[in-house]
Amino acid sequence: MLRIFKKTIQTRVVTTGYPQEQDIAPVGFRGEPNIDPDRCTFCGDCVDICPAGVIQLTGEKESDENILTLACDGCIFCGRCEEVCTNGAIKLTQEYELASKTRENLLLQVGGKQKVDEETEIMGQRLHSKIKNIFGRSLSIREVHAGSCNGCEVEVNALTNPIYDIERFGMHIVASPRHADMLLVTGPVSRNMELALLKTYEATPEPKLVAAMGSCACNGGIFGNTYASGGGVDKFLPVDVYIAGCPPRPQAVIFGIMMAIDKLEEKTKKK
C-alpha cells in the first residue's frame with residue numbers, strides 16, 4: 001500500500017520551471033484591435049455602435065479621403081465593432097502588450113496620410129535582449145485605487161500569484177508610497193480620491209514613475225469627465241506609461257512595467 005502511494009505521488013509532481021516560449025493569451029481573449037485599411041469602407045457602423053465613443057470618423061462616410069481613428073486608451077474591448085463590421089476590417093487580436101509612454105501612440109488610424117510612429121514600433125517589440133538589464137534593479141510599486149471598479153485590482157492581485165510571480169523579476173508591491181519607485185494608478189480619479197492621489201504622489205521619493213493602468217486611468221474610460229470623475233490620471237499627475245485595457249491582463253501590466261523601468265533608466269542616465 002505504501003509503495004502504491006509513493007508511486008501516485010511521483011506521477012503528480014508539479015515543477016516550478018517556467019516555459020521558455022512566449023506567453024500566448026487564451027482563446028477568446030480580446031486584445032489590441034487591428035484595422036485592415038484594404039477592407040475598411042469607412043461606413044461608420046463601428047462609430048455608431050461603440051459604447052465608449054472611442055472610434056471617430058472624419059469626413060463623409062464611405063469616402064476614400066476619410067480617416068477612421070480608434071483610441072485604444074479608452075477602448076473597453078467589448079468586441080461590438082468587430083461584430084458590426086461586415087467586411088471584417090476590424091478584428092480584436094490576442095495582443096496584450098498595449099502599454100505606451102504617450103497616449104498618442106495608442107491611436108489606431110486608417111485612411112488619409114499615414115505616419116510611421118517610431119515609438120509604436122518600439123512598443124511592439126518583445127524586448128527579449130533587454131529583459132535582463134531591465135529587471136536588473138529592484139522596483140517597488142505602490143498601487144493606488146483612484147476610483148476603479150476593482151477590475152484592474154483583480155489583475156494586480158494576479159501579478160503576485162504563483163503563475164506570474166513578479167517578485168522573481170525583482171519587482172514587489174509595497175504598502176507605503178515612501179518606499180515606492182512607481183505608482184500604479186487605476187480608475188478615472190474620482191473627486192473623493194483626488195486629494196489622496198496627490199498626497200501619495202508627493203510622498204513618493206524621486207526619481208518616481210507613474211503608470212496609468214486601464215482605460216479609466218488612461219482617459220476616464222466609460223466614466224468620462226463628470227462631477228464625480230476627473231477623467232484620467234494625466235489630468236492630475238505626469239504619467240510616464242499608459243497601460244490600455246479594460247482591464248489589462250497581467251502580461252500587459254508586466255510589459256508596461258518593463259517600459260516604466262526602461263524610462264527610469266533613461267532618466268537616470270540623463271542625470
Side-chain angles (χ1 to χ4, degrees), residues 23 25-26 28-32 50-54 71-80 92 96-100 103 106 139-167 171-177 179-180 182-201 203-204 209-237 239-257 260:
D23 287 336
F29 172 76
R30 295 170 178 173
E32 180 181 18
C50 179
V54 297
C72 291
D73 59 346
C75 180
I76 60 174
F77 305 90
C78 63
R80 292 187 179 181
L92 293 184
Y96 52 79
E97 294 183 350
L98 284 168
S100 173
R103 287 179 59 182
L106 293 175
L139 182 75
S140 298
I141 305 168
R142 169 61 180 172
E143 197 269 337
V144 183
H145 186 308
S148 168
C149 70
N150 289 326
C152 288
E153 276 64 37
V154 173
E155 303 301 328
V156 173
N157 289 336
L159 291 174
T160 58
N161 68 21
I163 302 298
Y164 301 103
D165 187 20
I166 62 171
E167 292 199 2
M171 299 182 291
H172 55 277
I173 298 176
V174 296
S176 172
H179 303 155
M182 183 180 75
L183 298 181
L184 185 63
V185 186
T186 63
V189 187
S190 64
R191 301 300 181 186
N192 291 335
M193 282 299 298
E194 178 181 345
L195 180 59
L197 176 62
L198 294 176
K199 287 186 175 182
T200 302
Y201 180 78
T204 306
L209 295 166
V210 177
M213 176 184 170
S215 300
C216 294
C218 288
N219 77 341
I222 59 176
F223 296 99
N225 189 359
T226 66
Y227 71 94
S229 171
V233 180
D234 57 6
K235 293 187 178 181
F236 304 91
L237 302 178
V239 175
D240 297 289
V241 177
Y242 296 86
I243 307 175
C246 186
R249 62 183 287 109
Q251 292 99 322
V253 179
I254 293 175
F255 180 73
I257 294 174

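- What you find for Ala244 and Cys72 is that their closest heavy atoms are CB-O, 3.5 Å.
- Contact record, Ile254 with Leu159: CG1-CD2, 3.8 Å, taken as the closest heavy-atom pair.
- Every residue meeting the side-chain contact (heavy atoms from CB on, under 4.5 Å) condition with Asn225, not counting sequence neighbours, appears here in chain and number order: Arg191, Lys235.
- The two atoms that bring Leu92 and Gly31 nearest to each other are CD2-O, 3.9 Å, heavy atoms only.
- The side chain to side chain donor-acceptor pair (under 3.5 Å) test applied to Asn157 returns no partner, not counting sequence neighbours.
- When all heavy atoms of Arg30 and Phe77 are compared, the pair lying nearest together is CD-O, 3.1 Å.
- Between Pro51 and Ile76, some side-chain heavy-atom pair lies under the 4.5 Å cut-off.
- No donor-acceptor pair closer than 3.5 Å links the side chain of Ser190 to the backbone N or O of Ala228.
- The side-chain contact (heavy atoms from CB on, under 4.5 Å) test applied to Pro188 returns Cys216, Phe223, Ser229, not counting sequence neighbours.
- With contacts defined as side-chain heavy-atom distances shorter than 4.5 Å, the pair Met213/Val156 qualifies.
- With rounding to the nearest 0.5 Å, the separation of CD1 in Ile243 from SG in Cys218 is 8.0 Å.
- No side-chain donor-acceptor contact under 3.5 Å links Arg142 to the backbone of Ile173.
- The shortest heavy-atom contact between Pro250 and Ala158 is CG-CB, 3.9 Å.
- A donor-acceptor pair under 3.5 Å is formed between the side chain of Asp240 and the backbone N or O of Val210.
- Listed by chain and residue number, Asp73, Arg103 satisfy the side-chain contact (heavy atoms from CB on, under 4.5 Å) test with Asn219 (two or more places apart in sequence, or in another chain).
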Which atom pairs, one a donor and one an acceptor, fall under 3.5 Å between side chains of residues 192-201 and the rest of the protein, sequence neighbours left out?
residue : atom : partner : partner atom : Å
Thr200  : OG1  : Ala196  : O            : 2.7

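- Residue Ala252 comes nearest to Tyr96 through the heavy atom pair CB-O, 2.8 Å, listed as atom of the first residue, atom of the second, then distance.
- Between Leu209 and Val241, the closest side-chain pair of non-hydrogen atoms is not below 4.5 Å.
- Evaluation of the side-chain contact (heavy atoms from CB on, under 4.5 Å) rule for His172 yields Ser138, Ser140, Glu167, Val174 as partners, not counting sequence neighbours.
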